[in-house]
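Before any comments, here is the structure.
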Amino acid sequence: MGWGKIPALALVEVYRYLEPPDRLQASATCKHWRQTLFHPRFFDRATFVVNRRNEARNAFYLQNLAHFISATSIIFDSSSAHAVQRAAEILLAICSVNERLVSLSLRPTQSQFALPRQFTTENFLHSGLIEPIKSLLGRRSPAIRHLNLGSCERLSMYCPEFLRALACPQELRLLAMASVKENPSFYYVGNLEASLFDKCSNLRLLSIDYDFLSDELLRVLQLLHLERIVLHIHAFDKTQSGSSDDAWRSFQDHSPQTELRINLIKASEAVKYLHSHILHESMPLSHMKVLFCKHMNPQAVDFISQNYNGSFKSLTWIDSSYDIQEAEFYFRTDQDPLVMMAWRCRKLEEIVVHGYLLDVHNLVGIARLRGKDLKRFEVAKFDLLPNPLLVSFLNEINRLMVGEWHPKKDKELPAALSSCSYPSECARDKYIMELTQKDIADFN
């Protein structure tokens, strides 16, 4: 018997002992060895990147992998009608042939959502996206475990329908339905009943828009033993009931293992009320991202360091200097709140600040307090106030940090943070989508 006639079962066992690069090289031996490479044991997930450059690869994946993969991600530019249509076609193709899929992640790169002209909005959404997702959620064996809507506003509007379509809600482990709004000052807010989460007993991660947060929802969630909650805040209404400190205290008593992450996204009004109306002392806050809110709130930073010193790990406060009034460039307080945060928060491991003028003296103070523990300490060089001893101070920070450190040069920054020109909305949206998805991607 020649090498080309080795039974596929035996060849799969041989492949099992090889590393992926060696397995790929071995598969070039002959057609039979190549076909055996595409076995469910070696390809349990596939990522479809929708663009012209990857079209041949996507077609190959659909033909050879779509019927047996258990996890897939579809990355597409939602501001392109052609890309949206192709992403819907890929999703529909997978759903029609696959009976093993337990994890679906849709990853639009923009908050805008363009639809093909030949379809009406509702018809396309329902036939191309909503119904295929609901069909996955309606399966019992295997039941869906991970659903990530990729911060897509259009899809998040259908979350009540998705939750009602779940055939086995007790199998759901991850549900990411928080959105990034195309227009943060005006958008539709539907109704999400807290009781829809009653049977999601194994849910470990939930991302949700702040608009749906209530004491009733917290009472349901505290029984689920969540490991992470991610809240997206866009707009804020002081008349909105929101949640109370009592509800958060009860939540912590029942779910002490849960960490809370809050993202404010273009929330220029909400950021002003962050410390007075949104944050509560009993929140298990661990991460905060403030993205393009056009306002620095030192009182909020101080509130965080005073009330979450045992849980808080990461602060990201990002703006474009083009959006900030001159009076907002500085921290207008006697004590720099970032230094106080570095002193008080014993678990702090990440500080990222862009768009505000920073005193290098304070950066040295942060490095002295937390340098050995900071996994990431990021500022831009053009945000540093002039100082005749700037080089010496920067060298001191580098000495205090673990690994090589320097303030980011303009060419090292994403396009959304460049100081050379006003960042485009496209670049900013893409950057926001990437940052918000990190809260989902780093969850184990």
**OP:** Answer yes or no: is there a side-chain heavy-atom contact under 4.5 Å between Leu358 and Leu385?
**Re:** no
**OP:** Apply side-chain contact (heavy atoms from CB on, under 4.5 Å) to Asp198 and Val220, showing your working.
**Re:** CA-CA 6 Å; Asp198 280 339; Val220 173; 3.5 Å; yes
**OP:** Flag the pair Ile90 / Phe76 as yes when at least one side-chain heavy-atom distance between them is below 4.5 Å, and no otherwise.
**Re:** no
Original post:
Hey, mind stepping through Phe48 and Leu62 against side-chain contact (heavy atoms from CB on, under 4.5 Å) and telling me if it holds?
Top reply: CA-CA 9 Å; Phe48 294 86; Leu62 284 175; 3.9 Å; yes
**OP:** Could you check if a side-chain atom of Asp336 sits within less than 4.5 angstrom of a side-chain atom of Asp359, using non-hydrogen atoms only?
**Re:** no
Subject >> Test item: Leu196 and Arg164 side chains (from C-beta on) under 4.5 Å apart, heavy atoms >> reply: yes
**OP:** Find the distance between CE (Met296) and OH (Tyr356) and round it off to the nearest 0.5 Å.
**Re:** 5.0 Å
Original post:
What distance separates Ile432 CD1 from Asn263 CG, expressed to the nearest 0.5 Å?
Top reply: 10.5 Å
Subject >> Backbone N/O of Phe303 and side chain of Asn307: donor-acceptor pair under 3.5 Å >> reply: yes
**OP:** Check whether the side chains of Asn395 and Asn398 place a donor and an acceptor atom closer than 3.5 Å, and report yes or no.
**Re:** no
Original post:
Heavy atoms, side chains only, cut-off 4.5 Å: are His406 and Leu394 in contact?
Top reply: no
Subject >> Cys159 side chain reached by Leu149 side chain, heavy atoms, under 4.5 Å >> reply: yes
Subject >> Inter-residue atom distance Ile318.CD1 - Tyr431.OH, 0.5 Å rounding >> reply: 3.5 Å
**OP:** Look at Arg344 together with Asp302 and state whether they make a salt bridge at an N to O cut-off of under 4.0 Å.
**Re:** yes
**OP:** Report the C-alpha distance between Tyr61 and Ile94 in whole Å, list the side-chain angles of each, state the deciding distance to 0.1 Å, and finish with yes or no for side-chain contact (heavy atoms from CB on, under 4.5 Å).
**Re:** CA-CA 10 Å; Tyr61 278 4; Ile94 293 173; over 6 Å; no
**OP:** Look only at the side chain of Ser418 and the backbone of Ala415, and say whether a donor-acceptor pair between them is shorter than 3.5 Å.
**Re:** no
Original post:
How about Arg57: does its CZ atom have over 12 heavy atoms from other parts shown lying under 6.0 Å from it?
Top reply: no
**OP:** Answer yes or no: is there an ion pair linking Arg228 with Asp439, defined by an N-O contact shorter than 4.0 Å?
**Re:** no
Subject >> Expected output: side-chain Asn98 to main-chain Ile69 donor-acceptor under 3.5 Å >> reply: yes
Subject >> OG-CD distance between Ser111 and Glu182, expressed to the nearest 0.5 angstrom >> reply: 5.5 Å
**OP:** Taking the side chain as every heavy atom from C-beta outward, state whether Pro298 and Pro337 have any pair of such atoms under 4.5 Å apart.
**Re:** yes
**OP:** Please name the residue in the list Asp442, Asn148, Thr109 that meets the side chain to side chain donor-acceptor pair (under 3.5 Å) test with Gln437.
**Re:** Asn148
Original post:
Measuring from Phe292:CZ to Leu417:CG, what's the distance to the nearest 0.5 Å?
Top reply: 5.0 Å
Original post:
Short question: side chain of Arg145, backbone of Arg173 - any donor-acceptor pair under 3.5 Å?
Top reply: no
Subject >> Under 3.5 Å donor-acceptor, His254 side chain and Leu223 backbone >> reply: no
Original post:
Does the pair Asp383 and Val353 meet the rule for a side-chain contact (heavy atoms from CB on, under 4.5 Å), with working shown?
Top reply: CA-CA 9 Å; Asp383 284 335; Val353 180; over 6 Å; no
Original post:
Rounded to the nearest 0.5 Å, how far apart are NZ of Lys272 and NE2 of His295?
Top reply: 6.5 Å
Original post:
Between Ser78 and Gln110, is there a donor-acceptor pair closer than 3.5 Å when you use the side chain of the first and the backbone of the second?
Top reply: yes
Subject >> Short side-chain to backbone donor-acceptor contact, Ser311 and Leu285, under 3.5 Å >> reply: yes
Subject >> Donor-acceptor pair, side chain of Thr316 and main chain of Val352, under 3.5 angstrom >> reply: no
Subject >> Under-4.0 Å salt bridge between Glu396 and Arg399 >> reply: yes
Original post:
Mind checking whether Phe251 and Trp248 have parallel, tilted or perpendicular rings, split at 30° and 60°?
Top reply: perpendicular
Original post:
Within the side chain of Glu412, is there an N or O that forms a donor-acceptor pair under 3.5 Å with the backbone of Lys409?
Top reply: yes
**OP:** Please identify each residue that fulfils side chain to side chain contact (heavy atoms under 4.5 Å, CB included) with Ala88, with sequence neighbours left out.
**Re:** Phe124, Leu129
**OP:** Classify the ring geometry between Phe236 and Tyr273 as parallel (under 30°), tilted (30 to 60°) or perpendicular (over 60°).
**Re:** tilted
Original post:
Is the shortest heavy-atom distance from the side chain of Lys266 to the side chain of His234 under 4.5 Å?
Top reply: no
Return a table of donor-acceptor pairs under 3.5 angstrom between the side chains of residues 366-377 and protein atoms on other chains or two or more places apart.
unit_1	atom_1	unit_2	atom_2	d
Arg370	NE	Leu348	O	3.3
Arg370	NH1	Arg346	O	3.2
Arg370	NH2	Arg346	O	3.0
Arg370	NH2	Leu348	O	2.8
Arg376	NE	Glu378	OE1	3.3
Arg376	NH1	Glu350	OE2	3.2
Arg376	NH2	Glu378	OE1	2.9

Original post:
For Glu281, does its backbone N or O pair with a side-chain atom of Asp245 as donor and acceptor, under 3.5 Å?
Top reply: yes
